[in-house]
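As structure tokens, the structure follows; a few thoughts come after it.
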Amino acid sequence: MTYPAPPPKHGLASPGVSDYVRNDLLKGYSRSISDFYLHLYYSMGTAYQNGNHGKVPISLKYRRNHFRYSVDKGETFKLSNSGLLIITGYDKGKKQSRKYSIPENILIHVVKRYYEDLKKDRKVKTKPRSSAKVKMKTSMENVPKVKPSPLVKQAIHSIKGGIMNHAEALRNIGDQLEMVDSMPNQKKFICKCINDIQNLVKASENGIIVDGILRYKQDYSPKSTGRIFESGGVQSLSKGSKKAAMTGIENVYNYDIRSSQIAALCQEAEKVGIDTSVLRDYMEDPNAKIRYAKACGFVTPDGKVHSTVWKKCLMSQVFGSSMAKFYGKPFKIIQEFDAMNVLTLHKQFEEVVTPFKQLINEWHRKLKEYLSSNAENHKNERFFTNSAGMKINLDKDEIMSSKKKLSAFILQGLESGYIHHLTTMADEYGYRVLSNEHDGLVTIGEIPEKAIQIAKERSGFELALLEIKKF
């Protein structure tokens with residue numbers, strides 16, 4: 001299914017950013033290319049969050065529709081030749097558009113102006129204004145929305161508004177921007193700051209700030225697996241900004257399911273007779289991620305072990321990503337971590353992950369057997385409903401041709417069902433859910449053990465181990 005493209009974002013430009021780009025950086029260029037540049041800037045945070053490393057795919061058709069003058073005059077290539085723009089070539093065979101990004105040395109000046117505008121409350125916004133010249137047929141409002149199950153819908157309604165320390169979150173972003181010159185991957189770091197600023201703005205548009213504390217109405221949208229995603233707010237913040245945002249909020253708890261999707265895979269794989277001893281050992285060891293990351297060599301010269309790199313690479317295998325060099329997901333993850341030693345580290349990861357990979361391959365081979373054994377028949381068609389109450393047609397839905405999507409539907413559905421049941425019981429058991437975190441949740445008040453056990457029973461996620469963690 002092809003979804004319409006989002007509207008151009010140059011209308012989001014805050015005064016400081018707009019003035020710098022139009023009257024300083026791109027002085028002498030057309031307004032059309034300035035609009036394109038601003039659209040690119042406001043898209044880079046999302047592009048990084050989506051795994052595109054800050055590179056924004058923009059088709060020629062889209063550019064012609066919204067920035068035609070700059071296309072006719074070839075201004076993007078002029079910017080590239082001047083060192084003001086990075087362009088990655090398109091792949092006609094894979095139907096991939098050219099990707100664009102702003103060089104780090106320029107990007108940092110733009111984001112600092114964005115931050116200063118937010119700090120001074122200078123008309124910073126997240127919703128593009130419509131224009132008589134731009135037909136908004138591409139609005140994301142036209143994208144077919146996922147119909148939530150009754151459980152998902154109830155969980156969304158059970159989250160009764162967010163709270164965050166806006167002042168501390170903003171201060172944290174400022175501190176991070178001061179450190180940018182010392183960061184090894186500056187573009188990743190800057191894009192993370194852009195994303196954090198945009199999410200603070202989105203949250204503040206839906207709330208009120210008193211003495212630095214923001215109370216806001218949350219905007220969650222469901223996905224096909226049963227997960228819910230927040231547009232702006234605590235869920236979308238980076239780890240450092242999330243920690244800062246919770247500073248000073250009394251009686252707040254950060255809950256997380258230990259090795260959530262590994263636990264889900266272990267539980268469901270056993271139902272089709274797969275030996276899961278390697279997963280059991282992994283779940284029982286709280287230091288497993290660090291141990292495996294060390295074995296792969298995901299350690300920086302200062303001795304810091306990057307267990308997140310191991311986790312991302314392992315989960316890419318659970319969801320069926322290729323192990324191939326150069327274009328496989330683990331290779332790209334490792335390349336971002338250490339480009340100089342990527343070949344050696346990738347080979348070490350291949351060796352370390354082998355026992356997991358053998359189990360995962362068997363799971364993928366038995367996916368259809370698993371689904372068939374848990375299917376329900378209705379009017380000569382077979383349906384499978386995951387733990388979040390989301391349903392697929394085993395005979396018609398396109399998802400059946402994708403191991404990645406099937407695995408996600410089952411495993412993320414189990415995880416989501418558990419979290420949603422905990423969310424819907426909040427009033428009954430005396431705690432308040434501030435944020436859904438996919439494999440966890442942020443609450444005011446501690447969740448009683450009885451509620452945890454009931455959520456396990458109702459969702460069927462018996463191996464879920466809910467832990468309290470630091471932000």
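What you see is a predicted model, and the numbers here were worked out from it, not measured in a lab.
Distance alone, capped at 3.5 Å, is enough to place a donor-acceptor pair between the Q267 side chain and the L463 backbone. Looking at S459, its side chain never comes within 3.5 Å of a backbone N or O of G417 through a donor-acceptor pair. Without hydrogens or angle criteria, S372 side chain to E369 main chain gives no donor-acceptor distance under 3.5 Å. Side chain of K223 to backbone of F229: no donor-acceptor contact under 3.5 angstrom is found. Side-chain atoms of H346 come within 3.5 Å of backbone N or O of M323 as a donor-acceptor pair. Side-chain atoms of R280 do not come within 3.5 Å of backbone N or O of C266 as any donor-acceptor pair. Looking at D117, its side chain does come within 3.5 Å of a backbone N or O of G16 through a donor-acceptor pair. Judged purely by atom type and a 3.5 angstrom limit, Q235 uses its side chain to pair as donor or acceptor with the backbone of N436. The backbone N or O of G389 sits nowhere less than 3.5 Å from a side-chain atom of H420 that would complete a donor-acceptor pair. Side chain of N386 to main chain of T225: a donor-acceptor pair is present (N/O by atom type, distance under 3.5 Å, no hydrogens or angles).
Note that CD of E268 is 7.5 Å distant from CG of L411, once rounded to the nearest 0.5 Å. Atom CZ of F409 sits about 8.5 Å away from atom CG of D397, to the nearest 0.5 Å. Annotation: the span from Q198 atom CD to M44 atom CE amounts to 11.0 Å, rounded to 0.5 Å. Rounding to the nearest 0.5 Å gives a distance of 6.5 Å between OG1 of T276 and CE of M283.
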Under the side-chain contact (heavy atoms from CB on, under 4.5 Å) criterion, do I262 and M315 qualify, and how do the steps go? CA-CA 8 Å; I262 292 297; M315 293 316 300; 4.1 Å; yes
T247 and N172: CA distance, side-chain angles, deciding distance, side-chain contact (heavy atoms from CB on, under 4.5 Å) verdict: CA-CA 11 Å; T247 302; N172 176 73; over 6 Å; no
Run Y253 and Y431 through ring pair (Phe, Tyr, Trp, His ring centres under 6.0 Å) and show every step you take. CA-CA 10 Å; Y253 291 85; Y431 55 93; 9.9 Å; no
Determine, step by step, whether W310 and F298 satisfy the ring pair (Phe, Tyr, Trp, His ring centres under 6.0 Å) criterion, reporting the C-alpha distance in whole Å, the side-chain angles of both residues, the deciding distance to 0.1 Å, and the verdict. CA-CA 7 Å; W310 156 258; F298 300 149; 7.4 Å; no
Decide side chain to side chain donor-acceptor pair (under 3.5 Å) for S260 and D439; before the verdict, give the C-alpha distance in whole Å, the side-chain angles of both, and the deciding distance to 0.1 Å. CA-CA 6 Å; S260 175; D439 61 351; 5.3 Å; no
Could you walk me through whether K456 and F461 pass side-chain contact (heavy atoms from CB on, under 4.5 Å), step by step? CA-CA 5 Å; K456 283 186 179 184; F461 197 177; 5.7 Å; no
CA sep, side-chain torsions, deciding dist, call: Q453, E449, side chain to side chain donor-acceptor pair (under 3.5 Å): CA-CA 6 Å; Q453 292 305 317; E449 184 62 31; 2.7 Å; yes
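Between Y114 and S14 there is a side-chain heavy-atom pair separated by less than 4.5 Å. The side-chain heavy atoms of L314 and Y292, taken from C-beta on, include no pair separated by under 4.5 Å. Under the 4.5 Å side-chain criterion, counting only non-hydrogen atoms from C-beta, Y216 is in contact with M164. In this structure, the side chains of L85 and L40 come closer than 4.5 Å at one or more pairs of heavy atoms. A heavy-atom distance below 4.5 Å is found between the side chains of V442 and E437. Counting heavy atoms from C-beta on, the side chains of K202 and D219 never come closer than 4.5 Å. K242 is not listed as a side-chain neighbour of N254, based on a closest heavy-atom distance of 4.5 Å or more. H306 has its side chain within reach of F337: a pair of non-hydrogen atoms, C-beta onward, lies under 4.5 Å apart.
Here the closest heavy-atom approach between residue K55 and residue S101 is recorded as CA-CB, 4.2 Å. Across every non-hydrogen atom of P330 and F349, the tightest pair is CB-CE2, 3.9 Å. Shortest non-hydrogen contact noted between A324 and F331 is O-CB, 3.8 Å. Shortest non-hydrogen contact noted between L367 and I410 is CD2-CD1, 3.7 Å. The two residues I213 and I163 make their nearest non-hydrogen contact at CG2-CG2, 3.8 Å. Between L371 and L394, the shortest heavy-atom contact is O-CD1, 3.8 Å.
In this view, H166 satisfies the ring pair (Phe, Tyr, Trp, His ring centres under 6.0 Å) rule with no residue, not counting sequence neighbours. Listed by chain and residue number, F36 satisfy the ring pair (Phe, Tyr, Trp, His ring centres under 6.0 Å) test with Y100 (two or more places apart in sequence, or in another chain).
With respect to K312 and E336, no salt bridge is recorded, no charged nitrogen being found less than 4.0 Å from a carboxylate O. K160 has a carboxylate O that lies under 4.0 Å from a charged side-chain N of D427, or vice versa, which qualifies the two as a salt bridge. Salt-bridge formation is detected for the pair R171/E168: a Lys NZ or Arg NE/NH1/NH2 atom is positioned less than 4.0 Å from an Asp or Glu carboxylate oxygen. Under 4.0 Å is where a charged nitrogen must lie from a carboxylate oxygen, and between E350 and K357 no such pair does.
No more than 12 heavy atoms of other residues, nucleotides or ligands lie within 6.0 Å of CZ in R215, so this atom counts as exposed by the packing criterion. Counting heavy-atom neighbours within 6.0 Å of K289 NZ, excluding the residue itself, gives a total above 12. The number of heavy-atom neighbours closer than 6.0 Å to NZ of K243, taken from other residues, nucleotides and ligands shown, is 12 or below. Shown here is K271, whose NZ atom has more than 12 heavy atoms of other residues, nucleotides or ligands within 6.0 Å. Crowding of D211 atom CG: a count of heavy atoms from other residues, nucleotides or ligands under 6.0 Å not exceeding 12. Residue K391 places its NZ atom among 12 or fewer non-hydrogen atoms of other residues, nucleotides or ligands, all under 6.0 Å distant.
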Let me check something: any side-chain donor-acceptor pairs from residues 148-159 under 3.5 Å, sequence neighbours excluded? List them with distances.
{"residue": "S149", "atom": "OG", "partner": "V152", "partner atom": "N", "Å": "3.2"}
{"residue": "S149", "atom": "OG", "partner": "A388", "partner atom": "O", "Å": "2.6"}
{"residue": "S158", "atom": "OG", "partner": "Q154", "partner atom": "O", "Å": "2.7"}

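Just one residue in the list L434, I257, D256, I447 forms a side-chain contact (heavy atoms from CB on, under 4.5 Å) with L441, and that residue is I447.
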